[in-house]
Structure formats: C-alpha cells, structure tokens
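We use all heavy atoms of the structure for the numbers below, so side chains are in, but hydrogens, waters and symmetry mates are not.
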Amino acid sequence: MDFLSTAKGTLLENFFPKGWDLKKIDECCEKGVAREDFWHKDFNPVECENINEFDTYMGHEIALQIKKAREDGIKLAMILPVGPMGMYRWAVYFLTEWNVKCDHVYTFNMDEWADSEGNTLPSDNPASFEYSMKQAFFDKLGENTIPPAQRNFATKDNLPTYPGKIAALKAEGARLVLVFGIGRTCHIAFWEPQFADEFATVEEWKQQCYRVGAKLHPLTIEQNAITSFKSRTTLVPCSANTVGPGLFLQADYIIGGCDGALGRGMGWQGMSFLTTLHYGPDKAITSSFIPTMPGKLFYLKELAGPLTAECN
C-alpha cells in the first residue's frame, strides 16, 4: 500500500495544511544537514551531542550578541521566544561572568497565549510567557538587567506597537537579532502554516507583522501539550498573539534551536528541522525562510536522522 498517497487522499484535506507537499517533506527527511544552494552563505547548522551542549551553546550565542552590540556602541533589539528555555540560564551565566550591562538591549517577546480576542493571561500567571521570561532571564540578570521599560510582551495592546518600535530602533542603527525554536508545523513564533492560504503572494505574506488572537493548528496544540503542559491537551490555549514574517524576517542575525528529542529514541522535531533545511522558501512552511538568513541553528544530533520507524 502507498501510505503517502493514502495520506494525501484523506488527511491532507482534513488535517495537514493545504499548502504542504507531503512527498517533498518526506524527501527532506532523507537529506540530513547537507547544504542547499538557497541557503545564505552565513547560515550554519550547529550539531550538539546532548541537551547540555545545546543549552550552553545557545546561551553563549545570545550573550555574545549582547556583548558585541555593547562593544560596538549600538542598541540591540531581540525578538525572543519562551522555548527553548535552558539557553537563558547560560546567557545569564556568561553575561554575569563578563559583567555586561544590558541597558542597550530592547526585547520583544514573539508570542503569548491568548483567547480569540487577544486577551492574555495575567503577567503573574506561571503559564504566561511574560512570567517565564522574568523568572528565567530578566530577574536573574540582577543589576545589569534589561530595563523593564525596554521589555516588550505580546499583549493585545502592545503587540501592534512592535513594528513602529523596531523600525525606530533600526533607524538609530540598532541590530535586530531573532532567537527562535521551530514548531511541529514548522512555525516561527505562532505564525501557523494555514495563514498562508489567506495571501495570494509570498510578498503579501511577508508584509504581515503580527496577529492578535491567532488560531493555532492542532499539531501546535498537541506539541505544546507534550512540551509545556505535561500531556494535558485540555490546558493548552487554542489561540495566541504572535509576531509575523514582517518582523522576524527583518532580522540581521538569527539564533535558532531544535531540541525536540524526548529520549528512548522518541522525538517530535526531526521532520520540522529537516523540512526547514531543505524544503526551500514557501509561505506554507514558515521556517523554510530561516536558512536564507545569516546566523546559527543549533540542533540535537539525533534530529538529523535517520528518521525511521521503530517501536519504543
């Protein structure tokens, strides 16, 4: 039986995003990390043997960009995720060891859980991204921390101000760094694949800076049930506020991470990682634009494959 054809005839119409070419995705999963012609010359995947290396390398890269901007005498704008999270511990460690003041840094959290109207959780709710960022990063930097007035969170009222704030910073010579993970649906932030259906061209899609109350794909909801809610799908919000390609594709440098290995041979991120590397720019695969940008994508070695079926 041709399982791929069967999937196309049933699941593709009712579950997988319409723009996905399943055969092409399957081919991506066989390619490992070999370079593609469409990659930016300064885009590099960085293999990590284990999660400890991964967290340390990513944290060092974040801290290094903050340190470089300070040494260059420029402001630094950073679009930041809540996940991967272990990197923030090491970013704090290096910045503290180097005694780097962070008052030149402006942060923009890329997303936040919300209802369909864009209303977010209270900032003191442990499930909120704002709470997580304060606990993992901002508060631990101590007296050298990023000033509260320079921290931006993706609330219903503040998210629409991101484009103007980032544009003003770049006009002053600021560097924009994107830090990100890649979702199960190959999203960046919560910019989901089904959004591509709304735009006639890639250029129109690229102009979208944010979305309030964005409806999440079922695969995204289940991914977060596994990674953030200890399997309780019922606790995962079905919508979120999120930045879009109109902002994150402006980045001068990117720092990405794929750590979706679960142990005992199980994982959720291998297909997303390899599709990102090899699919080629396509608005239905948001992360497919990542290799066209300068920077580093850190990944756990096992995510590069082989991605073969086995019972665990």
Side-chain angles (χ1 to χ4, degrees), residues 14-20 79-88 107-138 151-163 178-198 205 208-248 256-260 262 267-269 271-272 284-287:
N14 302 308
F15 184 69
F16 292 120
K18 292 179 181 178
W20 280 16
I79 298 176
L80 297 177
V82 175
M85 288 299 286
M87 61 189 180
Y88 289 121
T107 61
F108 298 83
N109 259 71
M110 58 171 47
D111 44 27
E112 180 61 270
W113 298 122
D115 63 20
S116 60
E117 302 298 318
N119 301 303
T120 55
L121 295 169
S123 61
D124 60 353
N125 187 310
S128 77
F129 293 170
E130 180 172 350
Y131 180 91
S132 297
M133 287 300 299
K134 290 175 180 176
Q135 292 293 311
F137 191 43
F138 298 134
R151 309 171 190 170
N152 288 276
F153 300 99
T155 63
K156 183 177 183 178
D157 294 331
N158 195 45
L159 181 59
T161 71
Y162 279 22
L178 168 68
V179 185
F180 65 95
I182 295 171
R184 177 70 173 148
T185 61
C186 295
H187 66 216
I188 301 297
F190 278 129
W191 197 261
E192 298 284 48
Q194 69 269 20
F195 300 166
D197 299 338
E198 302 172 22
W205 176 87
Q208 310 307 308
C209 290
Y210 63 88
R211 182 167 294 202
V212 171
K215 184 178 180 180
L216 303 180
H217 191 276
L219 281 170
T220 296
I221 294 169
E222 190 59 14
Q223 173 209 319
N224 281 278
I226 292 168
T227 58
S228 301
F229 290 88
K230 297 185 178 179
S231 81
R232 290 184 63 180
T233 306
T234 55
L235 293 182
V236 186
C238 294
S239 52
N241 298 338
T242 181
V243 297
L247 293 182
F248 57 72
C258 291
D259 64 344
L262 303 175
W268 63 267
Q269 206 174 21
M271 185 183 81
S272 306
I285 306 281
T286 306
S287 63

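Between Pro126 and Ser132 the shortest heavy-atom distance is O-OG, 3.9 Å. The minimum heavy-atom distance linking Trp20 with Ala284 is given by the pair NE1-O, 3.1 Å. Across every non-hydrogen atom of Ser239 and Ser116, the tightest pair is OG-N, 3.3 Å. Nearest heavy-atom pair, Gly257 versus Pro84, reported as atom, atom and distance to 0.1 Å: O-CG, 4.2 Å.
Distance alone, capped at 3.5 Å, is enough to place a donor-acceptor pair between the Asn224 side chain and the Thr220 backbone. Judged purely by atom type and a 3.5 angstrom limit, His187 has no side-chain atom pairing as donor or acceptor with the backbone of Leu216. The closest donor-acceptor contact from the side chain of Asn241 to the backbone of Ala114 lies at 3.5 Å or more, if one exists at all.
The CD1 atom of Ile221 sits 12.5 Å away from atom CD1 of Ile226, with the distance rounded to the nearest 0.5 Å. Residue Lys134 holds its NZ atom at 7.0 Å from CZ of Arg151, rounded to the nearest 0.5 Å. Atom-to-atom distance recorded for Gln269:CD and Cys186:SG is 9.5 Å, nearest 0.5 angstrom. From Met87, atom CE reaches atom CE of Met85 across 7.5 Å, with rounding to the nearest 0.5 Å. Here the OG1-CD distance, from Thr120 to Glu130, works out to 8.0 Å after rounding to the nearest 0.5 Å.
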Checking Val243 against Leu159 for the side chain to side chain contact (heavy atoms under 4.5 Å, CB included) test, could you report, in this order, the C-alpha distance in whole Å, the side-chain angles of both residues, the deciding distance, and whether it holds?
CA-CA 8 Å; Val243 297; Leu159 181 59; 4.1 Å; yes
Under the side chain to side chain contact (heavy atoms under 4.5 Å, CB included) rule, what do Ile79 and Phe180 come out as? Steps first, then yes or no, please.
CA-CA 8 Å; Ile79 298 176; Phe180 65 95; over 6 Å; no
Run Thr286 and Phe195 through side chain to side chain contact (heavy atoms under 4.5 Å, CB included) and show every step you take.
CA-CA 10 Å; Thr286 306; Phe195 300 166; over 6 Å; no
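Using modelled atom types, one finds no donor on one side chain facing an acceptor on the other under 3.5 Å when comparing Ser128 with Glu112. There is no side-chain donor-acceptor pair under 3.5 Å between Thr155 and Asn158.
Considering only heavy atoms from C-beta on, Ser123 stays 4.5 Å or farther from Tyr131 through its side chain. Residues Thr185 and Gln223 fail the side-chain proximity criterion, which asks for heavy atoms closer than 4.5 Å. Looking only at side-chain heavy atoms (C-beta outward), Trp268 and Leu262 come within less than 4.5 Å of each other. The shortest side-chain heavy-atom distance between Pro218 and Arg184 does not fall under the 4.5 Å cut-off. Side-chain contact between Ile188 and Ile182 is present, with heavy atoms from C-beta onward closer than 4.5 Å. The shortest side-chain heavy-atom distance between Met110 and Leu247 does not fall under the 4.5 Å cut-off. Contact check for Cys238 versus Lys215: no side-chain heavy atoms found under the 4.5 Å cut-off. Residues Asn109 and Asn152 form no side-chain contact, since every pair of their non-hydrogen atoms from C-beta on lies 4.5 Å or further apart.
Taking the six-membered ring for Trp and thresholds of 30 and 60 degrees, Trp113 and Phe129 have ring planes inclined between 30 and 60 degrees apart.
Judged by the 6.0 Å distance and 45° axis criteria, Arg211 is not positioned over the aromatic ring of Phe190.
Considering Tyr210, Phe153, Phe108 in turn, Phe108 is the only one that fulfils the ring pair (Phe, Tyr, Trp, His ring centres under 6.0 Å) rule with Tyr162.
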